[in-house]
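For ligands, and for the atoms within them, numbers begin at 1 and follow the listed sequence. This is a predicted model, so every value here is computed, not measured.
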Amino acid sequence: MTTNIFNADDEHILKAAEIIQKGGLVAFPTETVYGLGANVYNSKAVASIFEAKGRPRFNPLISHIADFDFLKTYALTDERVTALAKRFWPGPLTFVLKRLDENPALDLACAGLKTVTVRMPSHPVALELIKKSGVPIVAPSANKSQTISPTTADHVFESLGDKVDMILDGGACTVGVESTIIDLTGKDVVLLRAGGTALETLEDFLGEKVLISNGNPDMPSSPGQMLKHYAPSHEFRINVLIPEPDEFYIGFGQMDCDLNLSACGDLKEAAANLFSFMRKADHQTTHGKIAMAPIPNIGLGLAINDRIKRASYKK
Ligand code: TXA
Ligand code: MG
């Protein structure tokens with residue numbers, strides 16, 4: 001059987017980088033697990049990640065970078081961030097930071113949050129791929145949602161098959177569990193996910209206790225945060241077929257509307273536009289309220305509906 005698995009030599013890394021630049025998906029090895037990578041600035045490519053994984057909601061994704069200096073324009077850095085990066089990067093430690101880069105193309109990768117999640121992996125293939133691509137590579141683990149993370153190229157193929165344009169085979173991952181995630185946006189350091197960097201090692205280095213976020217480690221406080229931060233400030237109704245005159249109408253499919261998530265009814269395109277269109281709708285001043293057309297509840301529609309249900313939620 002022919003597969004899309006290729007040995008991660010220079011030639012194939014270069015090809016993989018071209019795929020990333022063109023908006024395709026590449027699975028690649030990191031020291032923790034294999035990642036399913038896309039260009040962070042290409043919302044359509046980011047939407048295909050959620051589609052390929054069958055993720056029912058838009059989780060924020062980790063941006064993988066290869067150069068610390070780049071981070072200074074991407075996220076808010078301070079002495080603590082710099083010190084942690086110097087000690088633990090490249091390696092299995094991920095930072096949640098305040099987002100600086102306001103490029104709306106980033107909205108989907110950040111799941112509409114005002115934070116950005118970043119790590120520098122230590123696998124040479126990952127680093128080379130990021131450098132050759134010239135952009136941060138956003139990557140969740142390269143497996144179907146709710147299944148075990150892949151630590152070999154074969155695992156990726158078993159789980160995602162030809163939903164990936166290319167799988168770079170760099171052998172088995174040495175760490176084998178996902179990166180540790182810490183939230184550095186507040187005064188205290190908060191652990192959001194235990195992983196490849198030990199908590200004790202972090203605390204020794206910081207000289208202080210790391211707080212542990214309670215709740216599901218895979219969805220750490222993000223649903224709540226999303227509700228608070230990203231509900232538009234305008235009243236927002238969903239599943240609306242006929243908008244009121246004072247409603248700014250976000251459509252889907254062939255229809256009259258103020259902004260169309262996808263005139264041709266493509267859920268991937270709709271997902272790619274969702275967060276920036278909600279932002280636009282919230283910034284406009286011609287209408288007092290916002291309404292959105294029904295979105296089919298299949299494929300990426302599940303994630304879109306999950307997100308807009310939260311955004312339209314009324315206390
Ligand atoms: O080792 C790893 O971290 C692997 C490799 C590929 O780098 N990546 C990985 O990504 O495990 P993913 O998407 O499978 O897991 C990232 C987790 C998600 O559960 C997400 O909800 C959470 O991190 N997360 C990311 N940004 C967040 C944020 N700003 N606030 C709260 N949770 C966040
Ligand atoms: Mg995962």
Side-chain angles (χ1 to χ4, degrees), residues 25-38 40 46 49-50 52-66 74-76 88-99 106-123 125-127 129-130 136-153 155-156 159-160 164 167-168 170 173-186 190-197 213-230 303 306-307:
L25 296 186
V26 172
F28 63 97
T30 81
E31 75 281 24
T32 59
V33 299
Y34 273 71
L36 179 60
V40 74
V46 177
I49 289 183
F50 290 101
K53 282 183 68 80
R55 262 202 187 175
R57 64 180 56 172
F58 297 125
N59 281 0
L61 299 174
I62 301 173
S63 296
H64 296 70
I65 62 170
Y74 200 60
L76 194 65
F88 292 98
W89 280 3
L93 183 63
T94 296
F95 305 156
V96 175
L97 302 170
K98 287 190 180 134
R99 171 176 165 185
L106 260 182
D107 287 357
L108 184 57
C110 298
L113 296 171
K114 287 182 174 129
T115 53
V116 64
T117 308
V118 192
R119 89 176 187 99
M120 191 188 292
S122 67
H123 199 293
V125 171
L127 289 171
L129 178 65
I130 299 162
I137 296 183
V138 78
S141 48
N143 54 296
K144 284 254 175 220
S145 190
Q146 315 285 335
T147 64
I148 299 166
S149 291
T151 52
T152 66
H155 293 167
V156 178
S159 193
L160 298 174
V164 199
I167 301 171
L168 278 177
C173 303
T174 51
V175 176
V177 294
E178 291 94 337
S179 61
T180 298
I181 305 181
I182 51 175
D183 184 340
L184 295 172
T185 59
V190 182
L191 180 79
L192 298 182
R193 178 176 75 186
T197 299
S213 138
N214 38 28
N216 180 346
D218 233 17
M219 273 301 292
S221 61
S222 13
Q225 286 172 346
M226 282 180 191
L227 266 182
K228 270 214 305 276
H229 290 315
Y230 288 95
D306 169 81
R307 183 63 197 84

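Electrostatic pairing of Asp183 and Lys98 does not count as a salt bridge here, judged by no charged N lying under 4.0 Å from a carboxylate O.
For Ser213 and Arg193, the side-chain atoms include no donor-acceptor pair closer than 3.5 Å. There is a side-chain donor-acceptor pair under 3.5 Å between Glu178 and Ser149. A donor-acceptor contact closer than 3.5 angstrom links the side chains of Thr32 and Arg119.
Not one N or O of Tyr34 is nearer than 3.5 Å to an N or O of ligand 1, by distance alone. Considering both main-chain and side-chain atoms, Arg55 comes within under 3.5 Å of ligand 1 through a nitrogen or oxygen pair. For a threshold of 3.5 Å applied to N or O pairs, the pair formed by Thr94 and ligand 1 contains no separation below that value. Checked by distance only, ligand 1 and Thr117 come closer than 3.5 Å through their nitrogen or oxygen atoms.
In the candidate list Pro29, Pro121, Ala27, Ser179, Ser179 is nearest to atom 3 (O) of ligand 1, counting heavy atoms. Taking only non-hydrogen atoms, the option from Leu113, Val118, Thr32 nearest to atom 1 (O) of ligand 1 is Thr32. Across the listed options Asn59, Leu93, Leu61, Ile181, Ile181 owns the non-hydrogen atom lying nearest to atom 22 (C) of ligand 1.
Using a 4.0 Å cut-off between heavy atoms, Arg99 makes no contact with ligand 1 at all. Residue-level proximity to ligand 1 for Asp183 is absent, since no heavy atom of it falls below 4.0 angstrom. At a heavy-atom distance under 4.0 Å, only backbone atoms of Ala139 (N, CA, C or O) approach ligand 1.
In this structure, the side chains of Pro92 and Thr197 come closer than 4.5 Å at one or more pairs of heavy atoms.
Listed for the His64 side chain is a donor-acceptor partner under 3.5 Å among the backbone atoms of Ile137.
Residue-ligand proximity, His64 to ligand 1, at heavy-atom distances under 4.0 Å covers atoms 5 (C), 6 (C), 7 (O). Close approach of ligand 1 to Ile62 is summarised as follows: ligand atoms under 4.0 Å from at least one heavy atom of the residue are 3 (O), 8 (N), 9 (C), 10 (O), 16 (C). Counting the atoms of ligand 1 from 1 in the order shown, those under 4.0 Å from a heavy atom of Leu192 are 31 (C).
Under the side chain to side chain donor-acceptor pair (under 3.5 Å) criterion, Ser63 pairs with Tyr74, not counting sequence neighbours. Evaluation of the side-chain contact (heavy atoms from CB on, under 4.5 Å) rule for Thr152 yields Asp154, His155, Ala172 as partners, not counting sequence neighbours.
Aromatic pair Phe28/Tyr34: ring centres not closer than 6.0 Å.
Within the 2.8 Å limit, Asn143 places no N, O or S atom next to the Mg ion (ligand 2).
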